[in-house]
Structure formats: structure tokens, C-alpha cells
2 protein chains.
Amino acid sequence: MSRIEKPADSEPARSPPRAGKPTLKTIAELTGLAITTVSRALGNAPQISENTRRRVHEVAAEIGYLPDRAAQRLKTGRTNVISVLLDPHEEILGFGTSIMHGLARALQATPYHLIVTPNFLDGSNVDAVNYIIRNGMADGLIFSRTEPFDPRVRLLLENGFPFVTHGRTEFSTPHAFVDYDNFAFAYEAAKRLIVKGRRKVTIILPPKRLTFYQHMLHGFMTAVREAGIAYEIPETLDLDSPADMIRDYVRRRSAEPDAPDGFACPGEVSALATITGMSDQGFTLGTEYDIVAKQTSLLLSQIQPKVETIYEDLKAAGEAMGQLLLQRIVGEPVEDLTILQNPQFSFPTP
Amino acid sequence: MSRIEKPADSEPARSPPRAGKPTLKTIAELTGLAITTVSRALGNAPQISENTRRRVHEVAAEIGYLPDRAAQRLKTGRTNVISVLLDPHEEILGFGTSIMHGLARALQATPYHLIVTPNFLDGSNVDAVNYIIRNGMADGLIFSRTEPFDPRVRLLLENGFPFVTHGRTEFSTPHAFVDYDNFAFAYEAAKRLIVKGRRKVTIILPPKRLTFYQHMLHGFMTAVREAGIAYEIPETLDLDSPADMIRDYVRRRSAEPDAPDGFACPGEVSALATITGMSDQGFTLGTEYDIVAKQTSLLLSQIQPKVETIYEDLKAAGEAMGQLLLQRIVGEPVEDLTILQNPQFSFPTP
DNA sequence: CACAGAATTTAAAACGTTTTCCGTGCACTG
DNA sequence: CAGTGCACGGAAAACGTTTTAAATTCTGTG
């Protein structure tokens, strides 16, 4: 309305700090009740008569009252904030973003906000966790890519801080997690390659320090042993290797004798890199070699249908993590808060 | 220390709500000063003698004091929060994540936290903006994919709320933005295709409603007209089309007479889809046709070096947006707060 | 019809800051 | 040495909520 006060834009162009924002007091005056009563009525406290409860809710809705987060947080100590630790490795291919959309959906109708704490470029992830615990920056924590004895998990367990990981650990104390069944993925992927009649299979594994390295290796080896088929595992390569390194490796190896003709690729980038490396050597997908890849977006199957894909629904994972965390925060026993996602062979309609 | 109170884990496993956290009062007692003085000393107020100022800072550092965000926010009305509007279209290829890492870097040494407000799955983006303005949920806003008369921008301008967009608008009132020079990209891409001796060029454009649709079209057409070369522009397709749709279109078109042999692809997905479509028809990249693509990760050039790429540094864009927003919040005049990123022909070392 | 007890409502304190308004004590001036 | 001004520091109020403890009204009973 009146914008006369400030001469030019040398001043912060903010509306007068929270002018006229309705508070409990506003409602109290409007209804003639005390602030306490209003607060209780909105909180659906038992000792408030149904009558006033309804009246207060009506007025609140009418004037568009929304509790002040700062005041609530100051008073109660609860932040109504969920923090997501973002890993640099998640930069590619929307990994982080998918999970976040899922999380957001889970937090949709709750008072929780999602704040992202990117692996402070200098310090390690552990520092970020420490910071959040120490200074009560959030009510709960979400992160991924766990190690068997992940220091972040240890820290959180020691402090009894609510969290959900994407990935399992090997601590004896249980904790909430959502994980994809990477054993099943690797087993199924190898199996499919074998069924297609491939002579020798290979797999690009995650970095050794991550928990799901073991899971994948195990699933792959189980299928290989059951079928008694030849296999090999690249030692100089992992899922985090740059795409050109993977491509070059595949190209080189495929020119040597006894090269594998079946590839399990637990990521879209590695699959694309493999396709390029092989086609550089003149091999054609689907006839001379096959790929079974894990897919987290629709990209791969849309571009190159000859790649067989197994889907991991990251958005669903994010949503599940959000729900588990909410339960964890209200004190649900940890034991029930673990989810193992099954590999999916058909795709969700988005 | 004592954790006897609660019987089992039917209760939130939180440490006693903010027990023993140092406050201004703690410092006041330790130094024998008044709370007021401590507050002033930490805020480097002029009326405090250098001596006490130093002493307070020392004690504060020693006991690891950190101001309570809730109290600050309640008192001052400033939230110390920057909100990022996340678009569903940014799910793919780490678009959102790159920008967020950049933002995070810019906010690194500031008190600002980054909270992500994903396009509330039901309501439109405008509702989210409205919600944030109305309820003072943040001190500033960041979002992307602007339209010429973007309703979000209009709303923010009307309310004098600080924000920075990724992308320009056509409002006469100026506002802070960071944008990529898509005119230059399209011009350069077409130019390169022409230099390579292509006979007929084409480009996959963004959705018509977005501002940079115009920029790209204009850049492309300028190069085409200068060279007097044949061109065509797919009408049924845009950058947001699913990859398989792009692939099928390219496949179909390339089998018809007078097909284009030079493709400008302003995204990695569209480039990959084009490659697949063309190679399905037996055309080989680099000899029978060429692609110049915009690349926002290292993926494309690492996988398929025969694609010529022009780089858009999204992390840098994010960082710039963060910096601009900070300046905007302290009231810097808007006119100086616009950045046009130049297309980059060499890659940053990450 | 007075009164115990339940049912409902209220006043006031507290959370940790920032800020407005004052009170010191001191060094000068005249 | 009274008075003036300045440099420094402090008391107290306020932000909007939740919560503790207490006050009020209402009910039915004897």
C-alpha cells in the first residue's frame, strides 16, 4: 500500500517486518478468549470445550493464522526441520533430487521443512552431522551411501539423534534405514545375462568402502556360481569412476582375448559408458553382447531399449525415508523402521 | 548424563532438550558482564570498548557459543533462510543439485541456511511463492525456468521481496537474475555445424512459454540466415519431451527425404536421444551427421567425444545466484545484480 | 441452597535474542 | 570544584509461543 518511507532501493526492499501478521493474540482479541485458551484450542488440548475449540479454529482459518515457527521453536526446542546431507557424488543424474522430491512428498502435510546441508565443502560429512546435533539444527537427519561402520551413524546413535539412512550398516545397534536390495539386483542381472546365453559376465561395483559393495558382489557371485559360468571383476574401476574411464576400460578390455560379453551395470552412467566403449569396438548391443542396468530415471530405457533395465525407485525411497523419520521422531521403536526395496521390473507411471 | 527418566524407546530418543547449551547468559556470567553487553560485543557494536569486545569473543569461542537461530529470528524478523523452488523438470541430470551445490558454496560462510521448497505437488509454483512471502518463511528466494511474464516474478516484485532468478523476464521493472547466454549458445552451435559442412541444420527448442525459447530461436536463426543454409524446426517436440519421443522423432525424420544432418541439442538427454535415433537408422556420428550439444555435466563428452559440446556451468550459476541474493537482501540496487554467463568452450576442472 | 469436585478458562513465566532508554563514571572545561 | 559531555555499560521490554499453576464457572448432591 503506502510505500513512501524509504527514498530509493538503497534499503532492503522488505515489507515492514511482519506487519499485521495474525498471532494468537489476534485470535484471542477476536474471540474474547485468553491467549492460553486459543493456543490450547488450536492444539486440540483435551480440556477445551468442543464449542470454543470449533470457534477458535474457525476464526483462525478465517484470518489465515499460521503459527510462528521461530516462536514455537524457541519455546519447545523442536525445530520442525529435517536435514538432508547432500553428497557430491549425488550430483549426477538427479539422484539427490529424486530422493528430495520423495522426501518432500512425505513431509507434505506436516509442519516439517526440508533443509539441505551439503557436505560442507571443506569438512567431512561427519562434521556436518556433529554441527547439527550439537546446535540442535534439526529434528532428524537423512543421508545416503552408508559404510559398514559409518562414522556418521555411530555419532548419531551415540547421541540418540533420530535419523534414517539410505543404505545399511553393520552396527549391532539397529537403526532406521531404507535400502534397495542390491543383492537381488546383482543376482537378477547376472541371471538374465546368463539366460540370454552370455559366456562371460562382469559387473562394475560400487566403491569398496560402501556397504552395498558387499551386497552387489554377493548377489553377482551367487548367480555366477549357481550357473558355473565364467566371470571377471574389474579391479581398477568402480561406479564413481568418471564415465570416460569406464568407457576406455571397456573398449580396451573388449579388444583383448576372452573378453566378457555380459555386463551388469548398477548405474545409468556406467551403462552408457559401456555401450559407447563397446560400440567403439564395433560390437552391437543385443546380439554380440548384453547389458542389464540399474535405472533410476526413465532415461536409459527410453533412449536405448535394447538395454535391459531393473528399476530403482528413488522417489519412493525418499518418501519412505521421510515417513520412517517422522515415526522415529515421535519415538516409534527402531526395529520396525527398516525397509528393503525390491528391484522393480516394471516402471511406475510418473 | 543421567538417562534414567524414560523407560524404553517408546519415547523420542532425544538428548534432554538443549541441555547446557551455552547462551548469552552463560557468557555474561563467565565474564561478569551484562547480557546486553555481551550481545553488543558479539555484534561488534561501536559503543563497546575494544577490551571487553575481545574478551567476550574469546570466551564465546572457548565455550563454543552459537546464537540461537529461533531467538534471533523471533526477535529480528529475519529468518536467515534462503528458499529454493525446485521444479519437477529439474529432476533429471542433476540440474537442481548442481545449482544447489553452487548456492551452498555461496552461503558457506554466512548465517544463511538453504531450504528447498519443491513445487508443492498440487498447487502451482506461485502458491509456494505466495506462502513464503505471506508467512515470512525466508529472506530470499531462488528459482529457475522463467517465463517472459513470470507470475512468480510479478508477485515478488509487487511485494518487494528479494529474489534471484535463473533466467530473464520481460518485465520493465528490472530484477536480479543469472542467465546463460542461450542466444550465443544456439548461434555458436549452428555456426559450428555449418563450418563442419552440414547441409541442413535443426534444433530442439525449449517449451515455447519459457523465456529462453526466444533466445535460442533467435541465436539459431541468426546463424542460419547469415550462412543462408537450410534448416528446420520440429514443431511437435521440445526439450521437456520424453527421451523416447525425441529418439523416435529423429529416427523417423532421418528416414524421410531432405532430413537434417546437423543437430543443435540444448541438453544432454536430447543429445543422447538424437544419437540413438540416428544410429538406429545406421547413420554414424561425425561423418554422416553432427551434433553440437549443451552440456551441464561432464557426462556427454566423457561418453561420446564425437559430440561437440558447449558447457554451461550450473554450479557457478548457483554460486552467482547466491551472491547476488545476498547483496539484494542487504539492499544493493537491483541494476547491478544481473549476470549473463558466457558459453564455455573448455571445461572446468572439478 | 451451600458446596465439593469436575470442567473450563486464565494469568504469568519462560525460551534466547535484540533494542530502547538510562545510568554510571570519567575527563574536561570554565 | 560545579557542570558538561562522552565513553561505556546495564535494566527491562519485547518478539509469539507453550506450559505451569491457579482461578473461575458449572454440575450435581446432600
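Worth knowing before you read on, the calculation uses all heavy atoms, side chains too, and leaves out hydrogens, waters and symmetry mates. Lettering follows sequence order; numbering is per chain, from 1.
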Give Ala34(A) one of three labels, base, sugar-phosphate or nothing, depending on what nucleic acid heavy atoms sit under 4.0 Å from its own.
-> sugar-phosphate
So, is Thr36(A) near the phosphate of dT18(D), with a side-chain N or O under 4.0 Å from OP1 or OP2?
-> no
Output yes when at least one side-chain N/O atom of Thr52(A) is less than 4.0 Å from OP1 or OP2 of dT8(C), else no.
-> no
Under a 4.0 Å N-O cut-off, is there an ion pair linking Arg168(A) with Asp179(A)?
-> yes
Counting any heavy atom closer than 4.0 Å, what does Arg40(B) reach on the DNA or RNA strands: base, sugar-phosphate only, or nothing?
-> base
Output the single nucleotide from dG10(D), dT10(C), dC15(D) whose closest atom is nearest the side chain of Lys75(B).
-> dC15(D)
Does Arg78(B) get its side chain close enough to the base of dT17(C), under 3.5 Å, for a donor-acceptor pair?
-> no
How would you label the contact of Thr37(A) with the nucleic acid (heavy atoms, under 4.0 Å): base, sugar-phosphate, or nothing?
-> base
For Gln47(B) and dT18(C), give me the distance from atom CD to atom P, rounded to whole Å.
-> 13 Å
May I have the step-by-step check of ring pair (Phe, Tyr, Trp, His ring centres under 6.0 Å) for Phe143(B) and His166(B), ending in yes or no?
-> CA-CA 6 Å; Phe143(B) 57 95; His166(B) 189 241; over 10 Å; no
Proximal nucleotide (of dT18(C), dT17(C), dT17(D)) relative to the Ser39(B) side chain = dT18(C)
In whole angstrom, what separates Lys25(A)'s NZ from dT10(C)'s P?
-> 16 Å
Between Leu24(A) (CG) and dT18(D) (C1'), how many Å, whole number?
-> 9 Å
Please report, rounded to the nearest Å, how far the P atom of dC15(C) is from the CD1 atom of Ile35(A).
-> 18 Å
Do the side chain of Arg69(B) and the main chain of Asn80(B) share a donor and acceptor less than 3.5 angstrom apart?
-> yes
Among dT18(D), dG16(C), dT18(C), which is the nearest nucleotide to the side chain of Leu74(B)?
-> dG16(C)
Whole angstrom value for the distance that separates C1' of dC15(D) from NZ of Lys21(A) | 11 Å
Any Lys/Arg nitrogen of Glu58(B) or Arg55(B) sitting under 4.0 Å from an Asp/Glu carboxylate oxygen of the other?
-> no
Whole-Å distance, Glu50(A) CD to dA7(C) C1', equals 15 Å
If each of Arg53(A) and Tyr65(B) is mapped to the nucleotide of DNA chain C with the nearest heavy atom, which maps nearer the 5' terminus, i.e. the 5' end?
-> Arg53(A)
For Asp68(B) and dT18(C), what is the distance between atoms CG and C1' respectively, to the nearest whole Å?
-> 13 Å
Any donor and acceptor pair, going by atom type alone, linking the side chain of Thr146(A) with main-chain N or O of Thr169(A) inside 3.5 Å?
-> no
Rounded distance in Å - CG (Leu66(A)) to P (dT17(D)) | 10 Å
Gln72(B) side-chain proximity, nearest of dT18(D), dT18(C), dG10(D) | dT18(C)
